[in-house]
Every structure is written in structure tokens, then in C-alpha cells.
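To start, the structure under review is shown below, and the notes come after it.
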Amino acid sequence: MISNFDCKQKAFASLLLVVLLSLVGCAAKIPVDRMIQLTEGADTKGSYKTGQVTVEYTFNRSGDNMSMNGTVMHYGGFDSLNVFALFSDANGQELQRRLVYSTGYRAGRGYKGGGNFEENLKVPPGTAGFVFSYSGKPRQSSR
């Protein structure tokens, strides 16, 4: 027979495990060798591929302001797709995450033409570079 005390202990241990795993996820670092270095005063162009998403980008940083524009290309169907710029310090610690592109819901099948974005962003103090990241909901049906 399982006592009420044993159930509470197991529930607490499970909750503690979930919290610890969440904290480990928050402490993840951005690979420094994948970072796009921030240069100041000139247009910087490039291409960044992560998973099924490629971002062709141009940015210009002036002090703590940065204008960024580009095209997002994705392969495979998504019901929704969000692309983020993750700013980090020189050690790869994420300082801030900013949404730069979103398809909304039911964006259609994968395509090569992509969608465009244009953003004016504040660069967090201590930023050395950034990477692109995405989250998406894979296509579930044809409707």
C-alpha cells in the first residue's frame, strides 16, 4: 500500500526535476564559432543557416541601435514559423532574444522565395554578436 506521504514525495521530486531541467535549458550557451560578430558603422551582409531555415541578412549597427533586414527561406511545411535574433556576450551567454520574422498561422508549404523582414533593434549592453534561431510548428494537415 502506498501512503499519501510517498505520493507527495514523488510529486515533489518530479516537480524539482522539471524545474532543474528548465534551468539547465536557460543556461544554454550560444556557440561562439556560430556567432555573427557585430561591426559598427557599415552594412554587413551574410547568410545564416540553422536547421530548415536560412536567413539572408543585412545589418548596420550604430551605438546601441541596429537596423536589420533580410529574407527568411524555409524548407518543409510549417503551420507557423518564428525567427529570432539571439544577442549574446563574448562568452556565448544569451543576453536577449528578439522576434524578427513571423509567418503567422498556416503559412503554407515550404518555399524558396521566402518572406522579408525589416527591424530596428536595441543592442543590449555587453553584446558581442548574435545568431538566428527559430521555432515552428510543423505542417499537421493540408487544410
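Reckoned from all heavy atoms, side chains included, excluding hydrogens, waters and symmetry mates.
Under the rule for a ring-ring contact (aromatic ring centres under 6.0 Å, His included), Y134 has no partner lying at least two apart in sequence or in another chain. D33 is linked by a side chain to side chain contact (heavy atoms under 4.5 Å, CB included) to P31, counting only residues two or more places apart in sequence or in another chain. Remark: R97 engages E94 in a salt bridge (charged side-chain N to carboxylate O under 4.0 Å, His left out) (not counting sequence neighbours). Y48 is linked by a side chain to side chain donor-acceptor pair (under 3.5 Å) to R34, counting only residues two or more places apart in sequence or in another chain. Among residues two or more places apart in sequence or in another chain, the side chain to side chain donor-acceptor pair (under 3.5 Å) test is passed with S47 by E56. Checked against side chain to side chain donor-acceptor pair (under 3.5 Å), S102 has the following partners two or more places apart in sequence or in another chain: N82. With sequence neighbours excluded, no residue forms a side chain to side chain donor-acceptor pair (under 3.5 Å) with D89. Applying the ring-ring contact (aromatic ring centres under 6.0 Å, His included) rule to F84 yields no partners; only residues at least two apart in sequence or on another chain are considered.
Considering only heavy atoms from C-beta on, N120 stays 4.5 Å or farther from M66 through its side chain. In this structure, the side chains of K122 and N65 come closer than 4.5 Å at one or more pairs of heavy atoms.
Between atom OG of residue S67 and atom CD of residue E118 there is a gap of 8.0 Å, rounded to the nearest 0.5 Å. Separating the CD atom in Q93 from the CG atom in L86 is a distance of 11.0 Å, to the nearest 0.5 Å. Note that CG of L99 is 10.5 Å distant from CZ of F117, once rounded to the nearest 0.5 Å.
For the pair A85 and F130, the tightest heavy-atom approach, listed with the atom from each and the gap, is CB-CD1, 4.4 Å. The shortest heavy-atom contact between A90 and A128 is N-CB, 3.5 Å. The minimum heavy-atom distance linking G92 with V32 is given by the pair N-CG2, 4.0 Å.
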Could you pull out every donor-acceptor pair under 3.5 Å between side chains of residues 38-46 and any protein atom, sequence neighbours left out?
from: T39; atom 1: OG1; to: T44; atom 2: OG1; distance (Å): 2.8
from: E40; atom 1: OE2; to: G63; atom 2: N; distance (Å): 2.8
from: D43; atom 1: OD1; to: N60; atom 2: ND2; distance (Å): 3.1

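M68 and L95 end up in different hydrophobic clusters when Ile, Leu, Val, Met, Phe, Trp and Tyr side chains are linked at under 4.5 Å.
Formation of a donor-acceptor pair under 3.5 Å by the T71 side chain with backbone atoms of N116 is not found in this model.
Remark: the N91 side chain and the K29 side chain contain no N/O donor-acceptor pair separated by less than 3.5 Å.
By the 30° and 60° cut-offs, the orientation of the rings of Y57 relative to F132 is tilted.
Under the side chain to side chain contact (heavy atoms under 4.5 Å, CB included) rule, F87 has a single partner from L121, V131, I30, which is L121.
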